[in-house]
Q: 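Mind looking over this structure? Questions follow.
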Amino acid sequence: MVLREGLDPTTLKWQHFLVAEHAGEIIGVGQIKRYGGLEELGSLVVKKPHRGRGIAAQLIAALEAQASRPLYLACAAHLRTFYEQFGYQVIPLDDAPRALRWKLRIPNMLPGITVYAMRKL
């Protein structure tokens, strides 16, 4: 699911994932990534037929309950307002932890791609 959605495939640790199921089918996943001295909400995806039902919100709430603050995430421009409704704020890339800055430099160099660093305190 992570690869099909074009999400960052690095630092995938399956033991950190939460899974949403319906009728025995995995319909959503997400994890807290811990690397470089930070915690990042990541790998969040809900299968298209199940979107718009609050599944992502439930995964986010459950994952945040396992994380400390500040909690970071990287998101494509079209998802910015989605994450803002959960209290995440765009931060200047220079204000992000070094590990997240490095992760976001390459995508932001590509034409037509904007990836934001976001933080929830």
Q: Let me know which of R34, K33, Q66 forms a side chain to side chain donor-acceptor pair (under 3.5 Å) with E39.
A: R34

Q: Quick one, E64 and K120 - any side-chain contact, counting heavy atoms below 4.5 Å?
A: yes

Q: Can you confirm whether F17 sits close enough to L59 that some side-chain heavy atom of one is under 4.5 Å from a side-chain heavy atom of the other?
A: no

Q: With side chains defined as the heavy atoms from C-beta onward, is the minimum distance between E40 and I32 less than 4.5 Å?
A: no

Q: Count the heavy atoms of every other residue, nucleotide or ligand shown that sit under 6.0 Å from CZ of R69, and state whether that count exceeds 12.
A: yes

Q: Is the closest side-chain heavy-atom distance between S43 and V29 below 4.5 Å?
A: no

Q: Step by step, would you call I91 with Y72 a side-chain contact (heavy atoms from CB on, under 4.5 Å)?
A: CA-CA 10 Å; I91 59 172; Y72 295 90; 3.9 Å; yes

Q: Against I27, only a single residue in K48, M1, H50 fulfils side-chain contact (heavy atoms from CB on, under 4.5 Å); can you say which?
A: H50

Q: Check step by step if side-chain contact (heavy atoms from CB on, under 4.5 Å) holds for L121 and Q89.
A: CA-CA 9 Å; L121 298 174; Q89 297 179 335; 5.6 Å; no

Q: In terms of side-chain geometry, is the basic nitrogen of E5 or R51 positioned less than 4.0 Å from the acidic oxygen of its partner?
A: yes

Q: For residues L44 and Y83, determine if any side-chain heavy atom of one lies less than 4.5 Å from a side-chain heavy atom of the other.
A: yes

Q: Could you give me the CA-CA distance, side-chain angles and deciding distance for V19 and W14, then say whether side-chain contact (heavy atoms from CB on, under 4.5 Å) is met?
A: CA-CA 10 Å; V19 175; W14 301 112; over 6 Å; no

Q: Measuring from C75:SG to M118:CE, what's the distance to the nearest 0.5 Å?
A: 5.0 Å

Q: Counting heavy atoms not belonging to I26, are there more than 12 under 6.0 Å from its CD1?
A: no

